[in-house]
Amino acid sequence: MSQIGVIESWDDAKGFGFIRCNNLKQQVFIHISAFNTKLRPVAGDSVEFDLFNKRGKVHAENARLLKSSATKKIAQGKKAKASDKIKTSSNPLILLIAVSFIGVFALAYSLAILPLWPFVYISIISLMTLLTFVWDKRAARNNSWRISEARLHLLSLLGGWPGALLAQQWLRHKSAKGRFKVILWLAIISNITICAGLVYFAEQQQLININLA
């Protein structure tokens, strides 16, 4: 006789549990072998089954899940991933600022205004900062050890802010916290001001050397 109930308890390690039915006084034993699906049941799942009575002990056979909590979680996970993809749209202007900053050092080197090492340094520190954001994003998702915001800000202040901007745009990490964004942009403005001053000083020094020659 077909019955409908809810799995009240389930031991997944041992592969069995008990079903509660409103029209039955006692719980119904069910084994994993009673299901004809690969999806593992969990407590709270609604299930339809055939009721058998063997020597006074009732058990379920030919069971199928009607409303699976596991299925709900999978669907919710897919929706979350889809929404994450929607949120990862990047701002072209922000990306342009980050790439242009590194490009300025490459241009300054090609024009013999600056040596090669500033371009190499900015590129490396930016990559390190980007990878640090990636690590922290993964740690946040896995509820594991996080990297402090102070360390992220320090990397940005030391010249790695292009990597921080790229991470914010591509990963949407630390992109909603107002305080973090304010401190990051203060570091960006400070970096741009200092670097612009260094480039200007190096250019003026080069002109002086040319005049003296």
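When reading the values below, keep in mind they use all heavy atoms of this one structure, side chains included, and skip hydrogens, waters and symmetry mates.
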Applied to residues 183-200, the side-chain hydrogen bond (donor to acceptor under 3.5 Å, both in side chains) test, sequence neighbours excluded, yields none

Applied to residues 100-119, the side-chain hydrogen bond (donor to acceptor under 3.5 Å, both in side chains) test, sequence neighbours excluded, yields none

Can you tell if the side chain of [X] reaches within under 4.5 Å of the side chain of [Y], non-hydrogen atoms only?
X     : Y     : value
Val42 : Asp12 : no
Leu65 : Ser46 : no
Ile19 : Val6  : no

Can you list the residues that meet the salt bridge (Lys or Arg N to Asp or Glu O under 4.0 Å) rule with [X], with sequence neighbours excluded?
X      : value
Glu149 : Lys174, Lys177
Arg138 : none
Asp11  : none
Arg64  : Glu48

Those residues at least two apart in sequence (or on a different chain) that pass side chain to side chain donor-acceptor pair (under 3.5 Å) with Ser148 are none

I'd like a table of donor-acceptor pairs (distance under 3.5 Å, sequence neighbours excluded) in which one partner is a side-chain atom from residues 119-128, with atom names and distances.
{"from": "Tyr121", "atom 1": "OH", "to": "Leu158", "atom 2": "O", "distance (Å)": "2.6"}
{"from": "Ser123", "atom 1": "OG", "to": "Phe119", "atom 2": "O", "distance (Å)": "2.8"}
{"from": "Ser126", "atom 1": "OG", "to": "Ile122", "atom 2": "O", "distance (Å)": "2.7"}

In terms of heavy-atom contacts, Ala34 and Ile30 come closest through CB-CG1, 4.0 Å

dist Leu107:CG -> Leu114:CG (nearest 0.5 Å) comes out at 10.0 Å

Phe105 meets the ring-ring contact (aromatic ring centres under 6.0 Å, His included) criterion, sequence neighbours left out, with Phe101

Under a side-chain separation threshold of 4.5 Å, the hydrophobic residues clustered together with Leu96 are none

Residue pairs passing the salt bridge (Lys or Arg N to Asp or Glu O under 4.0 Å) test with at least one member in residues 108-122, sequence neighbours excluded, are none

For residues 5-25, the ring pair (Phe, Tyr, Trp, His ring centres under 6.0 Å) pairs (sequence neighbours left out) are Phe16-Phe29, Phe18-Phe29

